[in-house]
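FYI, side chains are in, hydrogens and waters are out, and symmetry mates aren't considered; it's all heavy atoms of this structure.
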Amino acid sequence: MISIQNMTKVYGMGDAEVRALDGVSLEIARGEWVAITGPSGSGKSTLMHIIGCLDSPTSGAYWLNGVEVSGMDDSQLASVRNREIGFVFQSFNLLSRVDALQQVMLPLQYQRGEKRLPRGERAKRAREMLGMVGLGDRMRHLPTELSGGQQQRTAIARALAQQPSILLADEPTGNLDSKSGAEVMEIFHRLHREQGLTVVMVTHDPRVASQAQRTIYMQDGLVAESQTASVTPSQQQGVA
């Protein structure tokens with residue numbers, strides 16, 4: 001599903017040049033759950049942004065579902081994001097004055113072509129997604145009326161509403177207590193186990209990373225190590 005070949009990302013010029021990525025090559029298969037981890041400045045967030053079509057590499061190739069996206073312009077990248085990728089962020093990124101149902105419906109309003117749903121179908125899809133993450137009774141609540149874990153579950157429902165082929169999660173438990181973090185991780189386990197969703201997750205927490213099928217360790221803009229878990233995520237339990 002994801003193929004990256006000799007990718008670099010360079011910021012600045014001359015003496016101020018910073019090579020955030022310095023020749024990264026990796027493959028992620030359809031249906032795989034991968035955690036990307038490493039110290040601050042290792043390049044993991046830059047790699048996530050490029051995988052998510054939020055940024056473009058300086059050089060190298062990125063293929064997503066058989067299509068090279070590394071040379072696309074901003075408009076083309078936005079179309080790929082809308083069609084293929086669901087995002088879950090550490091800070092939730094919810095609108096403060098919009099209830100949970102409307103939060104989940106929002107990305108559906110920007111769909112185009114065959115994927116665009118009538119309004120009634122968009123509301124139905126949003127209700128289904130909120131039910132899937134255990135928020136069927138909180139649909140009309142604003143973010144200020146939801147706990148941190150409930151806000152993150154709303155964000156997951158929003159990411160799933162477009163039926164993406166890839167779910168990208170950036171520190172999804174970073175702002176949560178241990179109980180809420182475990183509940184969120186259980187949702188990822190269920191999505192991967194029951195739907196075979198491809199999950200790419202950036203985390204600094206080794207307990208979270210250990211729950212993925214494979215962990216990619218970044219250091220100095222390179223893949224330092226790629227380690228496959230000894231058991232599958234469906235065999236593992238929540239965050240310790």
Heavy-atom pair with the smallest gap, counting every atom of [X] and [Y]:
{"X": "Val88", "Y": "Pro172", "value": "CG1-CB, 4.3 Å"}
{"X": "Val98", "Y": "Gln103", "value": "O-NE2, 2.8 Å"}
{"X": "Pro143", "Y": "Gln151", "value": "O-NE2, 3.4 Å"}
{"X": "Glu68", "Y": "Ala61", "value": "OE2-CB, 3.7 Å"}
{"X": "Cys53", "Y": "Val80", "value": "SG-CG1, 3.7 Å"}
{"X": "Ser3", "Y": "Glu27", "value": "OG-OE2, 2.9 Å"}

Under a single-linkage definition using a 4.5 Å side-chain heavy-atom cutoff for Ile, Leu, Val, Met, Phe, Trp and Tyr, are [X] and [Y] assigned to the same hydrophobic cluster?
{"X": "Leu146", "Y": "Met129", "value": "no"}
{"X": "Ile50", "Y": "Ile216", "value": "yes"}
{"X": "Phe87", "Y": "Val199", "value": "no"}
{"X": "Phe89", "Y": "Ile36", "value": "yes"}
{"X": "Met48", "Y": "Ile156", "value": "no"}

Among Val69, Leu168, Val202, which one satisfies side chain to side chain contact (heavy atoms under 4.5 Å, CB included) with Ile51?
->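 When Val69, Leu168, Val202 are each tested with Ile51, the side chain to side chain contact (heavy atoms under 4.5 Å, CB included) holds only for Leu168.
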Should the pair Glu186-Arg193 be classified as a salt bridge under the 4.0 Å nitrogen-to-oxygen rule?
->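 Between Arg193 and Glu186 there is a salt bridge, with a charged N closer than 4.0 Å to a carboxylate O.
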Salt bridge check: are Lys179 and Glu183 linked by an N-O gap of less than 4.0 Å?
->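 Here Lys179 pairs with Glu183 in a salt bridge, since their nearest N and O are under 4.0 Å apart.
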In terms of heavy-atom contacts, does CG of Asp74 have more than 12 from other residues, nucleotides or ligands at under 6.0 Å?
->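 At most 12 heavy atoms, drawn from other residues, nucleotides or ligands, come within 6.0 Å of this atom.
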How about [X] and [Y]: do any of their side-chain heavy atoms sit closer than 4.5 Å?
{"X": "Ile166", "Y": "Leu64", "result": "yes"}
{"X": "Met132", "Y": "Gln195", "result": "yes"}
{"X": "Gln152", "Y": "Asn175", "result": "no"}

Inter-residue atom distance [X].[atom1] - [Y].[atom2], 0.5 Å rounding:
{"X": "Met139", "Y": "Arg127", "atom1": "CE", "atom2": "CZ", "value": "7.0 Å"}
{"X": "His141", "Y": "Leu101", "atom1": "NE2", "atom2": "CG", "value": "13.0 Å"}
{"X": "Ile28", "Y": "Met1", "atom1": "CD1", "atom2": "CE", "value": "10.0 Å"}
{"X": "Arg190", "Y": "Leu197", "atom1": "CZ", "atom2": "CG", "value": "12.0 Å"}
{"X": "Thr198", "Y": "Leu191", "atom1": "OG1", "atom2": "CG", "value": "11.5 Å"}
{"X": "Leu130", "Y": "Asp99", "atom1": "CG", "atom2": "CG", "value": "9.0 Å"}

Quick one: does any side-chain atom of [X] pair with a main-chain N or O of [Y] as donor and acceptor, under 3.5 Å?
{"X": "Gln5", "Y": "Leu26", "value": "no"}
{"X": "Gln109", "Y": "Leu106", "value": "no"}
{"X": "Ser70", "Y": "Tyr62", "value": "yes"}
{"X": "Asp22", "Y": "Leu222", "value": "no"}
{"X": "Thr173", "Y": "Leu176", "value": "no"}
{"X": "Arg122", "Y": "Leu117", "value": "yes"}
{"X": "Thr8", "Y": "Thr58", "value": "no"}
{"X": "Arg125", "Y": "Val104", "value": "no"}
{"X": "Thr37", "Y": "Thr203", "value": "yes"}
{"X": "Ser25", "Y": "Asn6", "value": "yes"}

Compute whether any side-chain donor of one residue and acceptor of the other, for Arg214 and Ser226, lie under 3.5 angstrom apart.
->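 There is such a pair between these side chains.
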Do you see a donor-acceptor pair shorter than 3.5 Å between the side chains of Glu84 and Ser165?
->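 Their side chains do contain a donor-acceptor pair, which is all the 3.5 Å distance test asks for.
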Gln102 and Arg140: side-chain contact (heavy atoms from CB on, under 4.5 Å), yes or no, with the steps?
-> CA-CA 8 Å; Gln102 295 294 323; Arg140 292 301 182 183; 4.1 Å; yes
Pairs satisfying salt bridge (charged side-chain N to carboxylate O under 4.0 Å, His left out), at least one member in residues 155-178, at least two apart =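 Sorted result for residues 155-178: empty, none.
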When the ring planes of Trp33 and His192 are compared, do they come out parallel, tilted or perpendicular, using 30° and 60° as the limits?
->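 Tilted.
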